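Structure, as structure tokens:
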2 protein chains.
Amino acid sequence: MKRIAESTVRRLSLYLRFLEEFEARGQVTVSSEELAQQGGTTSAQVRKDLSFFGSFGKRGLGYSVPELASQLREILGLGRKWRVVVVGAGKIGAALVQYRGFRQRGFDVVAVYDNDPRVIGHKWNGLVVRDVRGFGTDEVQRPDIAVVAVPAEQAQAVADLVVRHGVKAILNFASAPLTVPDDVAVKTVNMAMELETLSYSLVNRDVESDDD
Amino acid sequence: MKRIAESTVRRLSLYLRFLEEFEARGQVTVSSEELAQQGGTTSAQVRKDLSFFGSFGKRGLGYSVPELASQLREILGLGRKWRVVVVGAGKIGAALVQYRGFRQRGFDVVAVYDNDPRVIGHKWNGLVVRDVRGFGTDEVQRPDIAVVAVPAEQAQAVADLVVRHGVKAILNFASAPLTVPDDVAVKTVNMAMELETLSYSLVNRDVESDDD
DNA sequence: ACATGTGAACTGCTTCACAGCG
DNA sequence: CGCTGTGAAGCAGTTCACATGT
């Protein structure tokens with residue numbers, strides 16, 4: 001299978017959400033045009049995105065909502081549960097663990113770590129906060145995904161730690177970009193960057209804003 | 001001035017952070033190569049990004065750290081304070097308001113809104129939670145940026161409300177994309193999408209992961 | 001000699017337009 | 001006839017490579 005653009009994968013994720021809405025409303029069929037309108041893209045884009053993975057539609061008719069949803073779940077790897085650990089028991093970590101869509105979509109938070117002795121050992125959202133220095137040697141099974149929610153200065157050290165113990169995917173909330181081996185996937189969510197992009201667009205009103 | 005790619009603006013934001021680190025360490029000059037290494041990009045990219053806005057470097061020498069930092073702040077519109085309101089006094093809102101880099105970079109949270117009568121009126125991170133129905137008619141000055149941190153079903157209604165009252169920039173944490181007029185900038189941070197991108201890369205190891 | 005600034009080449013994503021099929 | 005699936009065209013962002021300035 002050929003390389004798929006990240007932008008394509010992100011749109012697939014969006015399409016899936018729309019399909020679930022259509023499904024909840026009892027709609028059994030959608031056209032690429034309907035999906036496109038929801039997602040702020042074009043029907044050609046929708047069809048092209050899907051075509052990388054197969055032919056899921058019926059010509060003259062559209063796509064079966066439940067069938068396409070199921071295909072997308074398969075493609076996105078949502079057919080299974082993923083073990084997630086959160087490193088950093090601060091506000092961001094707390095918000096994440098409480099986030100509804102998290103567990104809902106098969107991402108199970110199985111452990112929380114911190115390095116602050118005042119927090120370690122306390123119950124936190126139903127989980128005991130563990131000492132990060134025990135990562136990988138405690139009884140917690142190796143997680144699939146590590147969420148890094150620590151200050152920027154500590155982010156790289158945490159990344160190194162989890163990578164050393166075999167974690168292959170990191171969701172990074174520190175504003176510092178992380179350096180990891182090629183076979184580890186990193187997604188960085190950088191709040192400051194988002195805000196500054198908005199700030200830029202405010203002082204450059206002539207430039208059109210992009211609604212993504 | 002011509003249209004600048006969003007990716008370029010995001011990188012400028014990154015460069016600024018690195019420059020501030022260099023500044024703190026007392027380094028007075030940087031080359032495009034040094035900036036590139038920090039940011040995981042190439043020196044040509046750095047120079048191209050900057051060239052859209054002017055010629056800030058000295059040939060054979062590089063860039064003055066404080067001077068370039070100051071230029072970038074200017075370009076990004078960080079030379080002033082921005083009034084930010086948070087709509088949705090939940091966990092995500094809480095995490096955001098506490099986020100250090102927020103106020104640090106000139107983004108002042110001046111009000112918090114919610115629609116839950118059990119929360120309205122309570123002190124929350126030093127601010128009283130206001131009734132969202134009073135938005136625009138209360139004594140709070142019109143904000144520059146609205147952070148939408150409400151459930152997906154309510155996100156569009158909130159967006160409509162703040163846009164109606166003249167807000168021109170929205171940071172959206174709901175997983176639903178927002179529809180807004182052309183002159184309003186929206187940045188959507190979609191946690192589910194990030195997680196699903198990671199999930200995808202875990203089930204498609206052959207595809208190389210991108211460290212952004 | 002060294003590092004910037006930039007036109008030109010390249011790469012890859014998006015859009016177009018239409019053939020194909022229900 | 002309607003809507004999908006897709007090769008081809010178009011476009012935008014990145015990389016190259018070198019002329020330019022110190």
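We name chains A, B, ... by the order of the sequence lines, and we start the count at 1 in each one. These numbers come from a predicted model, not from an experiment.
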Roughly how many Å is it from [atom1] in [X] to [atom2] in [N], rounded to a whole number?
| X | N | atom1 | atom2 | answer |
| --- | --- | --- | --- | --- |
| Lys2(A) | dT11(C) | NZ | P | 14 Å |
| Glu33(B) | dG5(C) | CD | P | 15 Å |
| Glu34(B) | dC2(C) | CD | C1' | 13 Å |
| Arg3(A) | dT11(C) | CZ | C1' | 12 Å |
| Phe52(B) | dG7(C) | CZ | P | 11 Å |
| Asp49(B) | dG5(C) | CG | P | 12 Å |
| Phe56(B) | dT6(C) | CZ | P | 11 Å |

Taking only residues two or more places apart in sequence or in another chain, which ones pass side chain to side chain contact (heavy atoms under 4.5 Å, CB included) with Ala89(A)?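 So Ala89(A) forms a side chain to side chain contact (heavy atoms under 4.5 Å, CB included) with Val112(A), Asp114(A), Val119(A), Trp124(A), Val129(A).
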
Once side chain to side chain contact (heavy atoms under 4.5 Å, CB included) is applied, do any residues pair with Lys91(B), and if so which ones, sequence neighbours excluded?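 Here the qualifying residues are Ala95(A), Gln98(A).
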
Heavy atoms only, 4.0 Å cut-off, all strands: where does Ser32(B) land among base, sugar-phosphate and nothing?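 Sugar-phosphate, backbone atoms only, no base.
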
So Asn190(B) and Ser175(B), do their side chains get closer than 4.5 Å, heavy atoms only?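 Yes, side chains in contact.
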
Taking the side chain as every heavy atom from C-beta outward, state whether Tyr15(A) and Thr41(A) have any pair of such atoms under 4.5 Å apart.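 Contact flag for Tyr15(A)/Thr41(A) side chains = yes.
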
Leading and trailing nucleotides of DNA chain D with any atom under 4.0 Å from heavy atoms of chain A: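 Listing 5' to 3', DNA chain D meets chain A from dG2(D) to dA8(D).
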
Applying ring-ring contact (aromatic ring centres under 6.0 Å, His included), which residue pairs with at least one partner in residues 169-188 of chain A are found, sequence neighbours left out?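 Sorted pair list comes back empty.
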
Quick test of your reading: applying salt bridge (Lys or Arg N to Asp or Glu O under 4.0 Å), list the pairs with at least one residue in residues 168-180 of chain A, sequence neighbours left out, ordered by first then second residue.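 Of all non-adjacent pairs touching residues 168-180 of chain A, those that pass salt bridge (Lys or Arg N to Asp or Glu O under 4.0 Å) are Lys168(A)-Asp183(A).
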
Please list, chain by chain and in numerical order, all residues satisfying side-chain hydrogen bond (donor to acceptor under 3.5 Å, both in side chains) with [X], sequence neighbours excluded.
| X | answer |
| --- | --- |
| Gln154(B) | Asn115(B) |
| Gln38(B) | none |
| Arg47(A) | Ser32(A), Ser43(A) |
| Ser199(A) | Trp82(B) |

N/O donor to acceptor pairs below 3.5 angstrom from side-chain atoms of residues 58-81 of chain B, sequence neighbours left out:
| residue | atom | partner | partner atom | Å |
| --- | --- | --- | --- | --- |
| Ser64(B) | OG | Glu67(B) | N | 3.2 |
| Arg73(B) | NH2 | Glu20(B) | OE2 | 3.3 |
| Arg80(B) | NH2 | Asp144(B) | OD2 | 3.3 |

For nucleotides 18-22 of chain C, tabulate all protein N/O to nucleotide N/O atom pairs closer than 3.5 Å, reporting atom names and distance.
| residue | atom | partner | partner atom | Å |
| --- | --- | --- | --- | --- |
| dG20(C) | N3 | Arg59(A) | NH1 | 3.0 |

Which parts of residues 7-23 of chain A get close to DNA chain D, meaning a heavy atom less than 4.0 angstrom away?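 Nucleic-acid contacts, sorted: none.
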
